[in-house]
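Written below as structure tokens is the structure these notes are about.
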Amino acid sequence: MTEGKRLRQVKSFVKREGRLTPGQQKALDVLWPKFGIEADNQPIDMQTLFGRKAPVVFEIGFGNGASLIEMAIQQPENDFIGVEVHRPGVGQLLKAIEENNLTNVRVACTDAVELLKNQVADNALHRVQLYFPDPWHKKRHHKRRIIQPAFVDVLAQKIQSGGFLHMATDWQDYAEQMLQDLSASHDFINTSTSDDFIPRPDYRPLTKFEQRGHRLGHGVWDLLFQRR
């Protein structure tokens, strides 16, 4: 219980609502009942949620959802749960689900840590994705970073044996902290042949944010760890 309280006290995000477009608001009003996951502390039955039994990919902080949608299109054999705290992004993803006639995407608008702990069964996930999380670059704010040893323990419970945790960041010191925290865990194995970082896998789309970073000379670090 002590670790759980610590995770709840220090949030890894600041909720900046932003303005919803009419299309995003309509998507939230009309499509949420079909594709939304309520943060109600009720266990999620993945087979009932998607109407089939398939590997489940869980993405934390999908932004506007563009890369998540692309992955769902390219990987119809997988089911995807995207979690985002900002409602404009949730509305945008819901619009894209409908526009692409996708049946393998569901969305939650809540704290991903709480959803994982309270509603996702142990060993339920094939892959967890965490792409470009808030780096909280000031040292005094590092405690807000979502990757911490206590959260790594939570992920180890939820990812099935042989499953994966895939992270990407454009902040080198955060990449090094992620590497340190995951390497210290007895539950995960680094898939990197050099025991550090990997090239971007083909399944992770190159985002506009990332393309802009490349043009500015920024590096990007991918880490892929497998659950023992």
Side-chain angles (χ1 to χ4, degrees), residues 1-13 31-62 65 67-69 71-72 75-85 89-90 93-94 97 102-131 133 145-167 178 181-182 184-191 203-204 223-228:
M1 289 300 292
T2 302
E3 287 184 352
K5 289 181 181 178
R6 188 182 307 125
L7 282 170
R8 282 193 294 270
Q9 288 169 356
V10 181
K11 297 293 186 183
S12 64
F13 58 88
L31 300 176
W32 178 264
K34 184 175 182 181
F35 299 107
I37 298 173
E38 297 293 342
D40 55 9
N41 290 332
Q42 296 302 307
I44 299 170
D45 184 315
M46 299 298 180
Q47 192 165 345
T48 300
L49 183 67
F50 290 99
R52 65 172 184 172
K53 187 175 183 179
V56 178
V57 179
F58 188 98
E59 180 159 343
I60 300 172
F62 57 75
S67 64
L68 179 56
I69 287 294
M71 282 185 283
Q75 302 170 50
E77 71 279 7
N78 291 334
D79 289 330
F80 291 82
I81 293 176
V83 187
E84 176 58 62
V85 295
V90 172
L93 180 66
L94 288 168
I97 292 171
L102 295 174
T103 60
N104 63 335
V105 184
R106 299 293 184 271
V107 59
C109 186
T110 188
D111 182 345
V113 174
E114 295 300 311
L115 188 72
L116 278 168
K117 288 170 54 188
N118 299 328
Q119 295 184 237
V120 175
D122 291 352
N123 307 308
L125 305 177
H126 170 67
R127 186 168 75 236
V128 172
Q129 301 177 164
L130 179 65
Y131 300 149
R145 290 176 170 178
I146 189 169
I147 292 296
Q148 305 283 349
F151 186 51
V152 171
D153 291 342
V154 173
L155 293 170
Q157 292 179 325
K158 306 305 175 180
I159 299 173
Q160 60 199 210
S161 178
F164 297 92
L165 171 61
H166 184 194
M167 301 164 288
M178 289 176 173
D181 288 346
L182 267 296
S185 171
H186 297 296
D187 296 309
F188 289 96
I189 303 169
N190 194 343
T191 67
Y203 67 79
R204 182 173 77 75
L223 303 93
L224 184 65
F225 280 76
Q226 188 170 28
R227 179 72 169 86
R228 293 182 187 272

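- One finds the CG atom of Leu223 at 7.0 Å from the CE atom of Met178 (value rounded to the nearest 0.5 Å).
- Within the 3.5 Å criterion, the main-chain N or O of Lys158 finds no donor-acceptor partner in the side chain of Asp122.
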side-chain hydrogen bond (donor to acceptor under 3.5 Å, both in side chains) between Glu77 and Asn104, worked out | CA-CA 8 Å; Glu77 71 279 7; Asn104 63 335; over 6 Å; no
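- No side-chain donor-acceptor contact under 3.5 Å links Thr110 to the backbone of Ala39.
- Expressed to the nearest 0.5 Å, how far CZ of Phe188 lies from CG of Leu155 amounts to 5.5 Å.
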When you look at Val154 and Val113, which way does the side chain to side chain contact (heavy atoms under 4.5 Å, CB included) test go after all the steps?
-> CA-CA 8 Å; Val154 173; Val113 174; 5.8 Å; no
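- Counting only N and O atoms by type, the side chains of Gln226 and Asn190 include no donor and acceptor under 3.5 Å apart.
- Judged by distance alone, the side chains of Gln129 and Arg127 do bring a donor and an acceptor atom under 3.5 Å apart.
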Please report the C-alpha distance between Glu84 and Leu93 in whole Å, then the side-chain angles of each, then the deciding distance to 0.1 Å, and finally whether the side chain to side chain contact (heavy atoms under 4.5 Å, CB included) criterion is met.
-> CA-CA 10 Å; Glu84 176 58 62; Leu93 180 66; over 6 Å; no
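- Here the CD-CZ distance, from Gln160 to Arg227, works out to 10.5 Å after rounding to the nearest 0.5 Å.
- Note on Arg52 versus Asp79: salt bridge recorded, some NZ/NE/NH1/NH2 to OD/OE distance being below 4.0 Å.
- Taking the centre of each ring, His166 and Phe225 stay at or above the 6.0 Å mark.
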